[in-house]
Amino acid sequence: MIKDKKVLNAIYIGTLCSISYLAVYFARNILSVVTPQMIEAGYSEAYIGKVSSVYFIFYAVGQLINGAIGDKIKAKYMISLGLILAGITNTVFPYMIDVNKDTALIIYGMTGYFLAMIYGPMTKIVAENTEPIYATRCSLGYTLASFLGSPLAGVVGAVLIWQSVFVTSTAVLAFMGIVFFSICCLFEKKGIVKYNQYDHPKGEGGGIKILIKHRIIRFTLISVITGVIRTTVVFWLPTYISQYLGFSADKSAMIFTVASFGIATSAFIAIFLYERLRRNMDLTLLISFVAATVFFLVTYFVKQPVINIVALVLAIIGGDSAATMLWSRYCPSLRDTGMVSGATGFLDFMSYMAAALSSTLFANSVSAIGWGNLILIWAGLMAIGVIISINPERLKNK
């Protein structure tokens with residue numbers, strides 16, 4: 001039995017956040033999973049690409065705005081309200097799409113905005129109520145939950161028609177919104193959760209100067225390039241499997257589900273590597289980006305379906321391992337600045353703005369340059385990550 005109160009509190013908070021975040025990523029991955037079904041039903045790739053881009057833009061702007069608000073308002077209000085409102089818009093979208101496609105576009109975008117009320121405040125509540133080592137473990141938990149959202153959506157998408165998948169997500173989001181608020185109130189009464197315990201040190205200038213001192217510019221670049229891989233590439237994965245490798249829509253959904261379980265291991269791989277490297281975040285980033293670059297190149301050169309999919313999954317795991325360092329290690333480390341939610345929101349904003357732009361570009365590029373050349377672009381992005389990660393002083397274990 002665990003007797004250490006700090007460990008128990010971290011487990012309680014981490015479990016609540018992880019389950020709630022699983023609901024978020026279940027809802028987020030629905031459009032990706034049902035895209036082959038929607039294409040077969042007559043909706044164009046261009047329109048679906050536009051829907052995903054609008055979603056990412058709303059989500060990105062929401063991260064920027066809600067991240068800053070999350071440093072001022074209690075997480076229980078932000079997170080529970082975001083889950084419930086996202087559930088409402090998520091269920092309206094599939095029924096509005098045949099009535100007015102432009103309106104449906106905005107409605108799905110609002111789903112993104114409401115879901116952006118979750119991550120910044122969640123990271124803040126973890127960082128401020130657990131010790132740094134436990135904060136990393138907690139954030140690892142909901143990072144894992146974000147990866148498991150894909151196969152969960154894949155399973156539901158494989159057995160239900162696409163409209164019903166959206167309705168199912170509404171029930172999940174609304175339920176978790178109520179559960180999160182109720183349990184958070186209980187945690188407050190027991191003293192497990194407290195708010196605004198930290199503020200940035202006096203005499204160090206404004207918030208921007210403090211964040212620059214904490215290498216925010218470098219990690220912004222990492223946020224951008226990993227955002228393209230962890231968001232846009234994964235979004236188009238079922239379509240890639242269907243179009244480039246020639247599988248049916250149903251088989252693509254099932255392959256995507258299996259692949260997603262493999263991708264979900266990236267969080268564990270990243271933390272395992274990080275611990276083996278004596279908690280050297282920079283060296284972990286470098287190795288992750290190198291691996292992603294190599295496996296994307298293997299994906300380009302090897303067309304055999306099984307090897308191709310395995311290599312692509314390993315490339316995504318490499319990119320996601322770098323992202324894990326960003327979200328599970330770097331963001332919680334900003335606790336003493338008092339700006340965890342705002343900084344996390346900004347980094348997520350940059351990540352999803354890159355995803356929004358790349359989603360549209362990828363949709364238009366497939367017909368122009370083909371999937372093969374698109375894979376080379378992904379490899380190039382990871383190579384940029386290798387360059388960014390090279391820091392001779394920090395790569396040394398001290």
Side-chain angles (χ1 to χ4, degrees), residues 17 21 24-25 56 59-60 63-64 67 116 118-120 122-124 126-127 132-133 135-147 211-234 263-275 277 279-293 315-335 337 339-355 358 381-391 394-395:
C17 290
Y21 213 53
V24 171
Y25 265 76
F56 290 143
Y59 187 86
Q63 287 289 353
L64 188 63
I118 315 299
Y119 190 69
M122 185 175 288
T123 301
K124 182 178 179 68
V126 167
I133 187 171
T136 299
R137 299 295 185 274
C138 289
S139 57
L140 173 63
Y142 54 80
T143 298
L144 173 63
S146 71
F147 293 138
L211 291 176
I212 290 175
K213 185 178 179 181
H214 283 77
R215 302 194 292 164
I216 191 72
I217 295 176
R218 181 166 177 264
F219 281 93
T220 298
L221 295 174
I222 291 174
S223 173
V224 168
I225 60 177
T226 58
V228 173
I229 301 302
R230 75 188 182 99
T231 303
T232 312
V233 174
V234 172
I263 294 170
T265 64
S266 62
F268 288 109
I269 292 172
I271 296 301
F272 174 78
L273 182 61
Y274 172 69
E275 295 289 348
L277 295 174
R279 299 182 181 175
N280 188 321
M281 178 170 60
D282 293 79
L283 187 54
T284 306
L285 284 168
L286 179 60
I287 292 174
S288 299
F289 280 126
V290 168
T293 304
I316 294 172
I317 287 174
D320 283 349
S321 294
T324 297
M325 285 294 98
L326 170 64
W327 306 113
S328 296
R329 179 66 189 91
Y330 176 72
C331 288
S333 74
L334 299 174
R335 177 177 71 171
T337 68
M339 296 180 288
V340 172
S341 181
T344 302
F346 168 75
L347 290 170
D348 232 4
F349 164 76
M350 295 301 297
S351 175
Y352 282 98
M353 285 303 292
S358 62
L381 287 173
M382 295 297 94
I384 293 173
V386 172
I387 296 171
I388 294 171
S389 301
I390 296 175
N391 187 329
R394 290 181 176 270
L395 291 177

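Heads up: numbering here begins at 1 and tracks the sequence.
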Task: Contacts of type side chain to side chain donor-acceptor pair (under 3.5 Å), residue Thr123, not counting sequence neighbours - done: Tyr142
Task: From CE (Met382) to OG (Ser389), nearest 0.5 Å - done: 9.5 Å
- [ ] Ignoring hydrogens and angles, tell me if any N or O in the side chain of Ser288 forms a donor-acceptor pair with the backbone of Gly319 under 3.5 Å.
- [x] no
Task: Heavy-atom side-chain proximity of Thr324 to Phe268 below 4.5 angstrom - done: no
Task: side chain to side chain donor-acceptor pair (under 3.5 Å) involving Tyr21 - partner list, sequence neighbours excluded - done: none
Open item on the list: Tell me which pairs pass side-chain hydrogen bond (donor to acceptor under 3.5 Å, both in side chains) where either residue lies in residues 263-274, with sequence neighbours left out.
Closed with: Tyr274-Arg329
TODO: Kindly indicate whether the side chain of Thr226, heavy atoms from C-beta on, has any atom under 4.5 Å from the side chain of Met325.
DONE: no
TODO: Would you mind reporting whether Tyr330 and Ile216 have side-chain heavy atoms less than 4.5 Å apart?
DONE: yes
Open item on the list: Under the rule for salt bridge (charged side-chain N to carboxylate O under 4.0 Å, His left out), what residues qualify as partners of Asp348, not counting sequence neighbours?
Closed with: Arg230
Open item on the list: Restricting to side chain to side chain contact (heavy atoms under 4.5 Å, CB included), what partner residues turn up for Ile388, sequence neighbours left out?
Closed with: Arg218, Leu221, Ile222, Ile225, Ile384
Task: Heavy-atom check, side chain of Leu273 versus side chain of Ser321, under 4.5 Å - done: no
- [ ] Return yes if some donor-acceptor pair links the side-chain N/O of Ser223 with the main-chain N/O of Leu347 below 3.5 Å, else return no.
- [x] yes
Task: Residue pair Ile118 / Tyr25, side-chain heavy-atom distance below 4.5 Å - done: no
Open item on the list: Going by side chain to side chain donor-acceptor pair (under 3.5 Å), name the residues that satisfy it together with Ser328, two or more places apart in sequence or in a different chain.
Closed with: Thr143
